[in-house]
Amino acid sequence: MSGQSITDRIAAAQHSMTGSAISKAVCKATTHEVSGPKKKHLDYLIHCTNEMNVNVPQLADTLFERTANSSWVVVFKALITTHHLMMYGNERFIQYLASRNTLFNLNNFLDKGALQGYDMSTFIRRYSRYLNEKALSYRLVAVDFTKMKRGIDGVMRTMNTEKLIKTLPIIQNQLDALLDFQANPNELTNGVINAAFMLLFKDSIRLFAAYNEGVINLLEKYFDMKKNQCKDALDIYKKFLYRMTKLSEFLKVAEQVGIDQGDIPDLTQAPSSLLEALEQHLASLEGKKTKEFSADSRATTLSSAVSSLSSTGMSFTRVDEKEKQQALEEEQARLQALKVCFSICEGSHYIHQNFLCMCDLFSGLESSAPQPTAHIPTMNVDFDAVFGAQSANNDVKPAAGFDTLGDLLKPTVPAHSQGPVMPPHSGGKLLANDLDSSLANLVGSEPDMQWTQPGEKKLTGGSNWQSKTMSSTTAWSPAPMPPAPMPVPHVVSLRTQTHTLGVDS
């Protein structure tokens, strides 16, 4: 199985439509593709944990929902993404996980449908137990052991005896859960489990470094403790030696799967004589008769043990600092790449601006060049001359800007070719077909008529048209009313004239 499945693409599209960028990033980081989560998706989620307006519980709950999937790939990648955010994300994320009553309930997880389902399901159950233990440790001590300050003035080296005896067992439980992953080199066969193993490897170095410093502090205070405290401290030291052996086996696996030997710290165990000296001191406190060590030999043994454990701690610190330096170099390289990309984009923007300026220059030259215009014959039609009927009392021109017909096209003819004004008919009766006859005469007198739109002249209502206002007794002033219909001049038809001549004869 390789590549994103149809289900992954549909889920990502659904989150895109709903506008949930975090859910989309989680979906893309936990696809069915058999490879570790992509760095760009993990970096985006880390950035989200550092934003104050991001709902961290929603982000965590989305990851928990992905662990309910039936595919081991999706569940494993959801655990890896969660672990990555616990390590490199904002502390708010692990604080929320620690505040939950339950985290990952995958003790019975089993994928029977995939090729590697049975084998990978075992590691998923172990991995989820470690993440639960990591969150529980934060709940108990309110600090992440992998991120605490180390060194002579570190947290574990300056802790008092009572608190130290309570804290070291918590580190032991977390380290036990980590070492219980128990992956052999021949079982690290795909990108998913390899990604999980790398995160566990980094956690083991930092966690054991804190554990080692706590044990050094414990040994330095051992001979000044009370009997019960010495008993607990001796038990802690014995467990420490056992876990150091298991950690060395874990680091051998890391070396076999390709991790650089320079990234693997050296483990130097304390001399066995130290354990004998610790047991003798406890026996003397209990009143038992044992072989007694002189104060000088006891101090020499303790100094040798502290020196050995300190060298181990320095080796772990050196590996951790190397990792931090590599991360810093990667960040600087990414920043330099962004600067180069920005310079390229800025240069392309400069070229684009020059291109626009050239386009404006050429367009200005084209607009300044004289444009040939074709002479289009126009005609001016005098409607007053054609239709006549100018009232003697209508001498007022229409108001400026008022045109009841709007910008309608009106026929115009040249002034020199206007037809004569036809006399009005003396009779008071409007004759039939008068408009048709007038239009026929107009067409006959100007065969080259064309329709154009006049520039400024307003001919509506005739040149002597005036608006009629209404007298009102109220203060309301209505808008000007459109003019009343003008009487059409009476045109005497030939048929009427013939009839008249017949009567006269």
Side-chain angles (χ1 to χ4, degrees), residues 136-176 205-248 265-318 320:
L136 178 61
S137 299
Y138 190 92
R139 182 192 303 177
L140 295 175
V141 296
V143 66
D144 187 355
F145 294 116
T146 62
K147 297 180 181 180
M148 64 170 41
K149 182 181 178 181
R150 295 194 296 269
I152 298 178
D153 57 344
V155 178
M156 300 303 297
R157 291 292 296 269
T158 58
M159 191 175 293
N160 58 54
T161 303
E162 184 178 356
K163 190 174 181 180
L164 186 64
I165 293 176
K166 293 180 179 179
T167 303
L168 285 176
I170 300 175
I171 300 180
Q172 288 177 348
N173 293 335
Q174 183 176 343
L175 186 61
D176 288 342
I205 293 176
R206 299 170 182 172
L207 185 62
F208 192 82
Y211 190 23
N212 184 73
E213 289 187 354
V215 171
I216 293 176
N217 187 15
L218 185 72
L219 294 176
E220 292 175 343
K221 297 178 179 179
Y222 181 80
F223 295 101
D224 297 329
M225 294 179 183
K226 299 177 181 180
K227 182 176 66 174
N228 292 335
Q229 292 177 340
C230 286
K231 187 176 181 180
D232 294 335
L234 180 61
D235 183 64
I236 291 174
Y237 180 71
K238 290 180 179 179
K239 292 180 179 179
F240 171 78
L241 296 177
Y242 172 73
R243 284 162 181 78
M244 181 178 285
T245 303
K246 291 189 64 176
L247 180 64
S248 62
D266 297 327
L267 295 178
T268 304
Q269 293 187 357
S272 58
S273 59
L274 176 63
L275 179 60
E276 185 179 357
L278 297 178
E279 292 175 344
Q280 181 193 7
H281 179 70
L282 177 60
S284 64
L285 292 178
E286 293 177 348
K288 297 179 182 179
K289 294 182 179 181
T290 58
K291 179 182 177 181
E292 294 184 0
F293 283 85
S294 63
D296 294 338
S297 62
R298 188 173 59 184
T300 303
T301 303
L302 180 60
S303 176
S304 175
V306 170
S307 177
S308 300
L309 296 179
S310 297
S311 63
T312 300
M314 291 296 296
S315 177
F316 277 86
T317 303
R318 185 169 54 253
D320 194 16

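Position 1 is the first residue of the sequence, and the numbers go up from there.
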Determine whether a donor-acceptor pair (N or O, by modelled atom type, separation under 3.5 Å) exists between the side chain of Y222 and the backbone of L278.
yes

Ion pair K231/D235, N-O distance below 4.0 Å:
no

Got a second to check how far M159's CE is from L168's CG, nearest 0.5 Å?
8.0 Å

Start with the C-alpha gap between F145 and F208, add the side-chain angles, then the distance that decides, and say whether side chain to side chain contact (heavy atoms under 4.5 Å, CB included) holds.
CA-CA 9 Å; F145 294 116; F208 192 82; over 6 Å; no

Return yes when atom NZ of K166 has more than 12 non-hydrogen atoms of other residues, nucleotides or ligands closer than 6.0 Å, and no otherwise.
no

To the closest 0.5 Å, what do you measure between CG (L136) and CD (Q174)?
9.0 Å

Run M225 and L218 through side chain to side chain contact (heavy atoms under 4.5 Å, CB included) and show every step you take.
CA-CA 10 Å; M225 294 179 183; L218 185 72; 3.4 Å; yes

Do other residues, nucleotides or ligands put more than 12 heavy atoms under 6.0 Å from Y242 OH?
no

Taking the side chain as every heavy atom from C-beta outward, state whether I205 and P265 have any pair of such atoms under 4.5 Å apart.
yes

Is there a side-chain contact between K238 and E279 in this structure, where contact means two heavy atoms from C-beta onward sitting under 4.5 Å apart?
yes

Look at the side chain of N212 and the backbone N and O of L309, then say whether any donor-acceptor pair between them is shorter than 3.5 Å.
yes

Under a 3.5 Å distance rule, please check whether S248 uses its side chain to pair with a backbone N or O of T245 as donor and acceptor.
yes

Spacing of L219 atom CG and L274 atom CG [to the nearest 0.5 Å]
5.5 Å

Rounded to the nearest 0.5 Å, how far apart are CD1 of I216 and CZ of F240?
7.5 Å

With heavy-atom distances below 4.5 Å as the criterion, would you say the side chains of I171 and M156 are in contact?
yes

Between R150 and R206, is a side chain to side chain contact (heavy atoms under 4.5 Å, CB included) present by the stated rule, with each step listed?
CA-CA 10 Å; R150 295 194 296 269; R206 299 170 182 172; 4.1 Å; yes

List the atom of M244, the atom of L267, and the distance in Å for their closest heavy-atom pair.
O-CD1, 3.7 Å

If we only count heavy atoms from C-beta on, is the L140 to T167 side-chain gap below 4.5 Å?
no

Could you tell me the separation between the CG atom of N228 and the CG atom of L285, rounded to the nearest 0.5 Å?
10.0 Å

Rounded to the nearest 0.5 Å, the OG1 atom of T161 sits from the CD atom of Q229 at a distance of 6.0 Å

Is it true that a side-chain atom of S303 and a backbone atom of T300 form a donor plus acceptor pair closer than 3.5 Å?
no

With the threshold set at 4.0 Å, does a side-chain nitrogen-carboxylate oxygen contact exist between R157 and E220?
yes

